[in-house]
Structure formats: structure tokens, C-alpha cells
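Since the model is a prediction, treat every value here as computed from it, not as a measurement. Side-chain atoms are counted along with the backbone in the values below, which use heavy atoms only and exclude waters and symmetry mates.
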There are 2 protein chains.
Amino acid sequence: MKNVTLKEIASQLGVSVSTVSRALTDSYEINVETKKKVQKLAKDLNYQPNPFAAFLRKHKSNTIALVIPEISNNFFSLVIKGVEAACQENDYYVLIYESHEDFQKEQRIANHLMGGRVDGVLISVCSETRTSDHLKEVLERKIKMVMFDRVLNDIDVSKVTSNDYGNSLEATKLLLSQGCRKIMFLRAGLHLTTMDNREKAYRDALKSYGLNIDDSLVKTFPPSKELDLEELKAYLIDKKPDAVFCSVEHLAIACYDICKELNLKIPNDIKVITFSNLKVARLLNPSLSTISQPAYEIGKTAATLLINEIKGKHQEEGFQNIRLDSKLIKRDSTKKML
Amino acid sequence: MKNVTLKEIASQLGVSVSTVSRALTDSYEINVETKKKVQKLAKDLNYQPNPFAAFLRKHKSNTIALVIPEISNNFFSLVIKGVEAACQENDYYVLIYESHEDFQKEQRIANHLMGGRVDGVLISVCSETRTSDHLKEVLERKIKMVMFDRVLNDIDVSKVTSNDYGNSLEATKLLLSQGCRKIMFLRAGLHLTTMDNREKAYRDALKSYGLNIDDSLVKTFPPSKELDLEELKAYLIDKKPDAVFCSVEHLAIACYDICKELNLKIPNDIKVITFSNLKVARLLNPSLSTISQPAYEIGKTAATLLINEIKGKHQEEGFQNIRLDSKLIKRDSTKKML
DNA sequence: ATGAAAGCGCTAACAC
DNA sequence: GTGTTAGCGCTTTCAT
């Protein structure tokens with residue numbers, strides 16, 4: 001079966017291409033009879049408009065790019081779901097790009113996007129990203145942008161984040177209230193705004209308890225899963241903290257593995273809390289206390305914001321800065337005694 | 001900054017549009033000097049070709065669709081990652097579509113795809129899908145297709161699956177060898193080939209042990225996460241199996257929750273094994289025995305196959321039927337005694 | 001080696 | 001209410 005085009009329908013019906021085009025977009029100036037005729041034939045032939053022709057004409061693709069560091073990740077995969085939901089509601093499509101926490105790849109993606117493949121981009125930058133020049137170039141090409149979670153400060157776009165500072169403060173204070181005094185903070189990635197906020201809250205919480213801050217208890221590990229377990233193990237053995245606050249899930253998982261190996265009992269010997277969207281945290285041994293980001297909502301909110309911007313709505317309101325609350329769920333890994 | 005086009009470059013250089021086009025595709029018939037000149041300016045202006053114009057001309061978009069029932073799922077999110085990897089290697093792009101286990105949505109997606117948005121589609125059908133008419137129509141529009149995991153038998157395309165039968169046989173025999181004689185099999189979704197294969201293996205394994213098959217021990221639950229916990233609980237209480245073989249992860253998670261509630265000890269009172277790509281299965285309480293599908297490889301293999309088909313390679317070989325092995329990992333949830 | 005021109009399928013301004 | 005026409009940006013014949 002060859003592809004059905006407007007021309008095909010037009011010639012079969014003995015009308016012009018533009019009449020068909022108008023009939024199909026339900027233009028008010030078309031005779032009801034003609035309209036029906038055209039619509040019927042289009043349906044019978046299962047006419048599907050060639051999107052590229054329309055895009056070329058209108059310079060609108062109804063497509064957005066979603067650029068994330070890592071696809072297979074409990075947080076980002078929920079984000080994807082939220083984005084997909086918002087797009088399905090608005091008849092938009094999602095192109096996925098994975099930067100693999102690699103700044104060069106992110107740059108290449110940005111470059112590609114400048115070609116006008118998409119009407120807008122949704123991005124959470126990779127951990128190596130320090131400047132926003134590549135993103136600014138995209139903006140200059142009149143492509144809309146919304147950042148989420150890992151945002152950059154020196155760029156003027158709408159942003160959707162979670163309340164990293166507030167929730168980290170809460171988490172640290174929980175550990176303190178359980179009696180912990182030697183709390184380790186594990187960062188993932190050097191230059192991420194999310195990490196900065198989480199660490200700052202950790203420090204402020206300690207200060208608010210009148211404690212001195214031991215910088216050697218704060219350490220950065222690779223953001224991706226290629227974590228050096230031995231290094232982390234040695235660090236834990238060396239420092240012997242009474243609690244570990246992990247800024248990302250895979251660090252907590254690593255701690256669980258290491259504690260098992262070292263025969264350290266959680267929470268008696270050491271307490272653990274982490275940022276995580278792991279659904280089965282409650283079933284771990286012991287159940288893991290988590291700060292759970294509203295990943296789905298972040299994705300959905302960011303995508304809706306972007307689509308509205310593309311449509312030119314809410315332009316007047318300027319750039320939004322939306323901060324959503326995460327949920328701290330206390331479980332056994334932070335219990336006083338088991 | 002306005003968008004740079006071929007015309008722009010041509011006029012700045014005083015050459016024709018076609019010369020620029022040829023220079024940029026590195027055509028052999030262009031003077032080396034001109035080529036250099038053009039390429040330099042293109043780079044300076046950061047020229048990015050308008051993809052839609054090229055697509056419209058060539059009827060190739062270098063884009064494939066990935067249609068899956070559910071994005072936020074340990075199996076599918078790894079598949080996405082694999083697909084993305086294969087596409088990045090080949091300079092292809094991925095459009096994500098989520099069918100939400102809803103056949104009507106799947107049909108709508110298929111319809112949309114017929115418009116020629118993509119050169120090919122990668123699909124794992126939803127649990128409600130019983131016929132392949134909607135997919136055949138896509139094929140008729142000369143759009144290539146590869147199915148993976150949840151495939152359909154009555155359609156002629158390449159398929160990538162995992163060895164559901166073999167690995168389920170192995171899993172059931174493991175339970176049998178641990179002394180279980182009243183093994184429950186929990187299906188998810190009525191019409192899935194994957195489920196059929198898994199159930200058949202379960203039955204064959206019982207037969208090979210000379211056991212009678214009690215049909216009331218096989219039951220189907222909804223494939224998505226909207227599982228009725230109470231129904232499953234009542235079923236478990238009623239049947240009192242000594243083992244449960246779950247065909248998907250969320251059923252096993254539900255069993256864990258229910259066992260906790262009913263104070264049934266895994267594996268002493270009841271053993272559990274499941275298909276799952278959960279990374280932290282080893283950290284559950286007790287650690288969960290899993291059949292882990294090679295999700296990343298499935299995605300990568302399927303995408304590579306599709307891209308090759310689009311490129312017209314390996315056409316002669318006809319449709320492939322690739323079956324990859326899953327990995328059975330024995331953990332405490334199927335131990336004889338703890 | 002380079003240019004002119006057609007055309008991919010669609011939309012929209014402009015006739016009538 | 002409908003047709004004519006131009007043009008979106010690119011590739012690709014066909015000239016020269």
C-alpha cells in the first residue's frame with residue numbers, strides 16, 4: 001500500500017489539494033458536504049498526514065527532547081513516565097537522549113538539538129557540566145527549555161526542582177535526634193546544584209546542633225554506578241561513622257553491601273538514610289529510610305511548563321521556579337534500637 | 001540568532017545552494033578549495049541541517065519508535081537503555097511511546113506511526129493485545145518492525161525474546177528439588193506469549209516429576225501495578241501453597257508484603273521465585289531468587305536488528321528469531337532451610 | 001566542478 | 001466555498 005497524500009485524496013474527489021487540507025483541519029469556510037466527503041475518504045484510505053511536510057511548513061514539530069544523564073535509574077525512569085504523560089495529554093512526542101554523565105555527549109546533543117528537531121528541550125544536566133554555554137546556544141535558536149532536578153544557576157529558564165535543602169535538613173536532623181554524632185555525608189558528583197543544596201543542609205543541621213563540622217566526613221563519589229566499592233569500604237573502615245547520609249541511591253546500596261561484608265549491623269552499629277525512589281526500600285534488610293523525590297510530578301510539571309511555553313501561554317508570567325517537596329520516610333535503617 | 005540554512009551559507013560565499021549541499025556531504029565532485037571554504041563557514045555559523053527538510057526529501061528520518069506498555073519498570077527501563085545505546089552508535093533517534101497496557105492506546109500509536117514519523121518500530125505489545133492487524137497495517141506502509149519480549153505469533157517480523165520456557169523450567173525444578181510440592185503459578189496478563197511459555201514450562205516441570213497439575217494453583221492477575229492485594233492475599237490463604245512462582249516482579253513484591261502481614265516466613269513456610277530485573281533483590285529480606293532477563297541486551301539487539309533492516313542490510317537472511325538466555329539466581333527465598 | 005530547477009507533502013495568503 | 005500559487009530547506013537530476 002502506498003502512502004496516501006492530500007494530492008491522492010484530492011484527485012480521487014476531483015477537488016483541489018487545499019480544499020482537502022482545509023476540510024481535514026475542519027476549517028469553517030468549507031461546505032459541509034465537501035467536508036464530509038473528504039473526511040470519509042480520508043478515513044477509508046486511512047490517511048495519515050506526513051508530519052515532516054507540516055513541520056517544515058510550520059516550524060513546529062510537536063516534539064520535545066528529554067535529555068537525561070541516565071535512563072535506567074529509579075528517579076529518571078519515573079521522570080520519563082511523567083513527561084510521557086504530560087505529552088500524551090497534549091499531543092506532543094518525546095525524543096529521549098541519554099548523556100551518560102558525559103559533558104561532551106551533552107554538548108553534542110545540544111548541538112544536534114539546535115537543528116530544530118524539537119520545539120523544546122527538557123534537561124537535567126550531567127554531573128560534569130559546569131557551564132551553560134551549550135544550552136544558551138540552543139535557546140538562541142528559539143528553542144524553549146525547562147530544566148529539572150539538576151539545574152544550572154546561570155541560565156534564564158523555568159526550573160522544576162525538589163526541596164533538596166529542606167528535606168536534607170530534615171534527614172540530618174532525624175539522624176541527630178536518634179543520637180548520631182559522627183554522620184558521614186556521601187556526595188555523588190562534584191558540580192551538581194542538587195548536591196550542593198543537600199550538603200549545605202547537612203552542614204547547617206550539624207551547626208544547629210552546635211556540632212563542629214569534620215570536612216573529612218564529606219566525600220564525593222562517582223555519580224554513575226561505576227563506583228569503587230573498595231574505596232568506599234576503606235573510607236568507612238577508616239572513619240567509622242555512626243551514620244551515613246547518602247545523596248543518591250546507589251551509594252546506599254553500596255553501604256548495605258559493605259555493611260553486610262563487614263558484619264556491621266544497621267541500624268545498631270550504623271544508621272543509613274538516602275535519597276532514593278526505590279519502590280522496595282521497605283522490603284530491604286533492614287528496611288531503608290528514604291527521601292523520596294516526587295519524580296513523576298517533576299517530569300509531568302516540567303513537561304507541562306515547557307509545552308505551555310511552546311504554545312506561548314503564560315509567557316507573561318516569566319520564568320517559573322517550581323520547587324516540589326520530597327517525602328522523608330523513616331524506616332528501620334534509622335531506628336534507635338532494633 | 002536566526003537559523004542558518006544552506007541558502008544563507010551559499011549567499012555569503014557567492015556559490016549555489018547545491019554546491020553547499022554537496023560540499024557538506026563531502027561529495028567527490030566538489031573542488032577541494034570550495035569544500036574547505038564551505039565547511040569552514042558552516043562550522044563558524046554552527047550550521048545545523050533542518051532535519052525535516054531532509055526527511056521530507058529522502059523519506060528517511062533516522063528515527064525509530066519504541067513502543068512499550070510501561071516505562072517505569074525495571075525490565076523496560078533497561079530495554080530503553082539498550083535501545084538508546086544501539087541508536088547512539090548508529091546515529092539514530094528514539095521516540096518513546098507508552099501504551100499503558102491499553103490496547104486502544106496501542107492502536108492509536110500504531111495509527112500515528114503510519115504517518116511515517118519513523119523509519120521503524122520496536123514494540124513489546126500490551127497484555128490486552130490479541131490480534132496484530134494494527135501492526136500489519138504499519139508494515140504495509142513500508143515501516144520496518146522488530147518485536148521483543150512480548151511478541152505475537154501471527155506476524156512476520158524479526159523477534160527478540162528471552163528463553164522463557166527454558167528458564168521457567170529451571171526455576172520450577174529448583175522449587176521441586178527443594179521439596180516443594182504445592183507450587184503456585186501467578187500469571188500477569190491473559191494473552192501474553194511470555195506468560196504462555198512460562199506457564200507451559202511450569203506445567204511440564206511438574207509433569208516431569210510425575211505430579212498432578214492442580215489448575216486452581218494457576219491464576220492470572222493484572223499486569224500493571226494496580227493489583228488487588230486483598231484478592232491475592234485471600235488466594236494465598238485459601239490455597240496455602242509451599243511455593244509461589246511469580247511471572248513478574250510486582251507479584252513477588254506483593255507476596256513479600258503479604259507474607260510479612262500474615263507472618264509467613266520465607267523460605268521456611270513458603271518459597272518465592274520470580275522473573276525480575278530488580279537490582280537489589282540480593283538485599284531484600286530474605287534475599288529474593290530471581291530469573292533475570294537480559295533486558296539491556298534485548299533492547300540493544302532488537303534495535304540493532306531494526307536499524308540493519310532499515311538500512312537494507314541482512315535483508316537476504318529473512319526474519320530473525322533471536323532468543324537470549326535469562327539468568328536464574330538462587331538466593332535465600334528458595335533455600336531449603338534458613 | 002558548479003548551477004538551475006524540480007519536487008518531497010503540506011499550509012496559507014491571495015485570488016475569484 | 002474553492003482553487004491557484006508560493007514556499008518551508010533540503011537533495012538530486014540534468015545541464016553546462
Side-chain angles (χ1 to χ4, degrees), chain A residues 1-39 41-42 45-63 112 114-119 141-143, chain B residues 1-39 41-42 45-63 112 114-119 141-143:
Chain A
M1 192 196 296
K2 62 192 264 271
N3 260 324
V4 190
T5 66
L6 288 188
K7 204 166 132 194
E8 172 72 22
I9 298 179
S11 83
Q12 281 199 32
L13 252 38
V15 295
S16 81
V17 177
S18 45
T19 303
V20 178
S21 171
R22 280 185 277 238
L24 291 177
T25 52
D26 208 26
S27 162
Y28 66 96
E29 44 180 6
I30 293 287
N31 183 297
V32 184
E33 288 306 308
T34 332
K35 225 186 250 181
K36 273 192 193 148
K37 232 173 38 185
V38 172
Q39 284 168 353
L41 184 60
L45 298 176
N46 198 357
Y47 166 75
Q48 293 294 335
N50 180 320
F52 304 126
F55 300 168
L56 183 56
R57 233 351 272 245
K58 300 195 289 188
H59 286 276
K60 291 254 299 99
S61 60
N62 274 43
T63 305
H112 166 80
M114 295 186 347
R117 261 217 95 152
V118 297
D119 301 338
R141 304 273 175 139
K142 306 281 167 249
I143 294 167
Chain B
M1 191 196 297
K2 62 192 265 270
N3 261 323
V4 189
T5 66
L6 287 188
K7 205 166 132 193
E8 173 72 21
I9 297 179
S11 82
Q12 281 200 31
L13 252 38
V15 297
S16 79
V17 176
S18 39
T19 303
V20 178
S21 171
R22 278 185 277 238
L24 291 177
T25 52
D26 207 26
S27 161
Y28 66 96
E29 44 180 6
I30 293 289
N31 183 297
V32 184
E33 287 308 306
T34 331
K35 224 186 252 180
K36 273 191 193 149
K37 231 171 42 185
V38 171
Q39 284 168 353
L41 185 60
L45 297 176
N46 199 356
Y47 166 74
Q48 293 293 336
N50 179 321
F52 303 125
F55 300 169
L56 183 56
R57 236 346 276 243
K58 301 195 289 190
H59 287 276
K60 292 256 295 98
S61 61
N62 273 43
T63 306
H112 167 80
M114 294 184 348
R117 263 216 93 152
V118 296
D119 301 338
R141 305 273 175 139
K142 306 282 167 251
I143 294 167

What is the distance, rounded to the nearest whole Å, between atom [atom1] of [X] and atom [atom2] of [N]?
{"X": "A/Leu24", "N": "D/dT2", "atom1": "CG", "atom2": "P", "result": "13 Å"}
{"X": "A/Asn62", "N": "C/dT11", "atom1": "CG", "atom2": "P", "result": "12 Å"}
{"X": "A/Glu8", "N": "C/dC8", "atom1": "CD", "atom2": "P", "result": "13 Å"}

Is there a donor-acceptor contact under 3.5 Å linking the side chains of A/Ser16 and A/Ser18? yes

Are the side chain of B/Gln39 and the backbone N or O of B/Ala23 linked by a donor-acceptor pair below 3.5 Å? yes

Is it the case that the side chain of B/Lys142 and the backbone of B/Gly116 share a donor-acceptor pair, with hydrogens and angles ignored and the cut-off at 3.5 Å? no

Sugar-phosphate only, base, or nothing, as touched by A/Thr34 at under 4.0 Å among non-hydrogen atoms: sugar-phosphate

Going 5' to 3' along nucleotides 9-16 of chain D, which nucleotides have protein heavy atoms under 4.0 Å from the base (write B), which only from the sugar-phosphate (write S), and which from neither (write -)? BBBBB---

Contact summary for A/Arg141 and B/Leu45, nearest pair of heavy atoms: NH2-O, 3.5 Å

Check B/Lys7 against B/Val17 and note the closest heavy-atom contact, atom names and distance. CA-CG2, 4.1 Å

Taking atom NZ as the centre, does B/Lys36 end up with more than 12 heavy-atom neighbours from other residues, nucleotides or ligands that are less than 6.0 angstrom away? no

Less than 4.5 Å apart, any side-chain heavy atom of B/Thr5 and any of B/Asn50? no

Using five base pairs at each end to define the local axes, how bent is the helix from C/dA1-D/dT16 to C/dC16-D/dG1, to the nearest 10°? 40°

Working to the nearest 0.5 angstrom, can you tell me the gap between A/Leu41 CG and A/Glu8 CD? 8.0 Å

